[in-house]
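Heads up: the structure comes next, in structure tokens.
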Number of protein chains: 2
Amino acid sequence: MDDISIRVLALLAPEGLDAEGQGWQQRKSVQTRIAILEAAVNCLRTHGYGRTTTQLIAEMAGISRGAMLHHYATKQDLIASVIDYTVYKRWEVFLDGVRALKDPARIYKMAGIEISWNSLQTPEYAAYLELAIAARTDPALAEIFLPRARRLDQTALAETIRTFPEWTHDLEGYALAMDYATATLAGLLINRDIWPESSQQVVREFLGKTIAMLRRGELNPPT
Amino acid sequence: MDDISIRVLALLAPEGLDAEGQGWQQRKSVQTRIAILEAAVNCLRTHGYGRTTTQLIAEMAGISRGAMLHHYATKQDLIASVIDYTVYKRWEVFLDGVRALKDPARIYKMAGIEISWNSLQTPEYAAYLELAIAARTDPALAEIFLPRARRLDQTALAETIRTFPEWTHDLEGYALAMDYATATLAGLLINRDIWPESSQQVVREFLGKTIAMLRRGELNPPT
DNA sequence: AATAACAAACAAGCTTGCCGGTTTTTGCTG
DNA sequence: CAGCAAAAACCGGCAAGCTTGTTTGTTATT
């Protein structure tokens, strides 16, 4: 992995999940926590936030509920960790996708959109989306979600731009492209079961064209 | 209201909510049902689907829970009516907005997007969005939501195009423009608390330019 | 008198947080 | 290096609070 990707991921990395040079018990603990987080992610994406219970997470993680509450004393503690974990995973997938494209002209054509689309189709982003949506109407969740989400969003934006040399000197344009693509793709994710797949594909292709034109500066028509 | 709007709304109109030429008891019943539906909408948009309880709806409607269950025997019955009601209200706002623009050149500039944006900012659409999202992970809700949503979405698309003469002979283009705008704006609605308002506005303006270019056929660049 | 609208109370099922108890690992000490 | 106490990981059960659907009862309309 290149230096930039490492730095970005280091800034986004969740705490308490690195077991380097620790004893066996510590490693076991980290292993269990990751199992819990994975279970929470799967629970969120398949059952939604409202139906995600501590009982279900514990079952999917393969441990007792009492054991889980030892690692995460309250549901809020667990959710807070899930937020960091999902954001980290999303950008890991994104940077992996970018890195896989050696061609400097990678952002032309649909490349950028496909990578974004892939990073938004992960189980982790599905879980993040459930939390983001639930936070809009759940004050208790919003209290722990919004500060983290805003900070992580800003960090990811400021750092991932480094992997796109062609955007480096146009932060505003990059932010617009990112927000625009993320918003449209998130909208597609919400309507995935309502709209025909063919329609969704057309929207994605059109979005790709739009972003490509935006990058080439061809989209400032007469207002 | 013009003939086209009337016809579209007639196709989308919910059942059991017209008290024309009925007795007093019937009118009272419809009045109460509407109060319940409004309460459900407010409950959904402020507390989300997961925390929307029959108790809370009844309180917000100003009646007892027992009285509410007389009109809607089960929660599913109520939600089914809420779906029809919210879709109807959304397109009513949309068509009102279109009708208010006498200028034939109304779809130029930002007009179309602003109307869509307004129709998506209503409390009713917020409630609809909550249901759409919850249906993705709640099989019981999906069973009553998806068939209705798909049918209503198709109906609305096929009918609202009549109000845009310039689109009449390009259903595919109109469908793309609608889906594209709806997806992007829905994505904005989800991230409204995470992204700065300024960023959201930039995205909306850019979306307006994109749709306008799409309509003028200026957006088929080299792939 | 029959029906509709409305109200209140009840039982069953979940979910959360907390508590006591058990097993395994760690680290200190003689 | 053997032994032992402390700590960590883990398990099962409990009470309190909600939510849903049902049931029984009261008032008003047809």
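Remark: A:R90 is not positioned above the aromatic ring of A:Y128, lacking an NZ or CZ atom under 6.0 angstrom from the ring centre and at most 45 degrees off the axis.
A donor atom on one side chain and an acceptor atom on the other are not found under 3.5 Å apart for A:T210 and A:Y180.
Atoms CD (B:Q55) and P (D:dT22) sit 17 Å apart, rounded to a whole Å. Across the protein-nucleic acid pair, B:D77 atom CG and D:dT20 atom P stand 14 Å apart, rounded to whole Å. Between the CZ atom of B:R51 and the C1' atom of D:dT20 there is a distance of 18 Å, rounded to whole Å.
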Pairs under 3.5 angstrom only: tabulate donor-acceptor contacts from the side chains of residues 34-41 of chain B to other protein residues two or more places apart or in another chain.
residue : atom : partner : partner atom : Å
B:E38   : OE2  : B:Y85   : OH           : 2.6

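For the side chain to side chain contact (heavy atoms under 4.5 Å, CB included) test, no residue two or more places apart in sequence or in another chain qualifies with A:Q154. For A:E143, the side chain to side chain contact (heavy atoms under 4.5 Å, CB included) test picks out no residue, with sequence neighbours left out.
Within the 4.0 Å cut-off from OP1 or OP2 of C:dT16, at least one side-chain nitrogen or oxygen of A:T54 is found.
Checked against A:R192 for a side chain to side chain contact (heavy atoms under 4.5 Å, CB included), the options A:E197, A:Q200, A:Q121 give a single hit: A:Q200.
Listed by residue number, there are no residues of residues 32-43 of chain A with a heavy-atom contact under 4.0 Å to DNA chain C. Of the residues in residues 131-141 of chain A, none lies under 4.0 Å from DNA chain C by heavy-atom distance. Using a 4.0 Å cut-off on heavy atoms, the residues of residues 56-75 of chain A that approach DNA chain D are A:I63, A:S64, A:R65, A:G66, A:A67, A:H70, A:H71, listed by number.
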Decide yes or no on side-chain hydrogen bond (donor to acceptor under 3.5 Å, both in side chains) for B:T160 and B:Y174, but give the supporting numbers first.
CA-CA 10 Å; B:T160 55; B:Y174 180 72; 2.7 Å; yes

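Using a 4.0 Å cut-off between charged nitrogen and carboxylate oxygen, B:E159 and B:R7 count as a salt-bridge pair. Between B:R99 and B:D96 there is a salt bridge, with a side-chain nitrogen of the basic residue lying less than 4.0 Å from a carboxylate oxygen of the acidic one.
Side chain of A:D138 to backbone of A:L141: a donor-acceptor contact under 3.5 angstrom is found.
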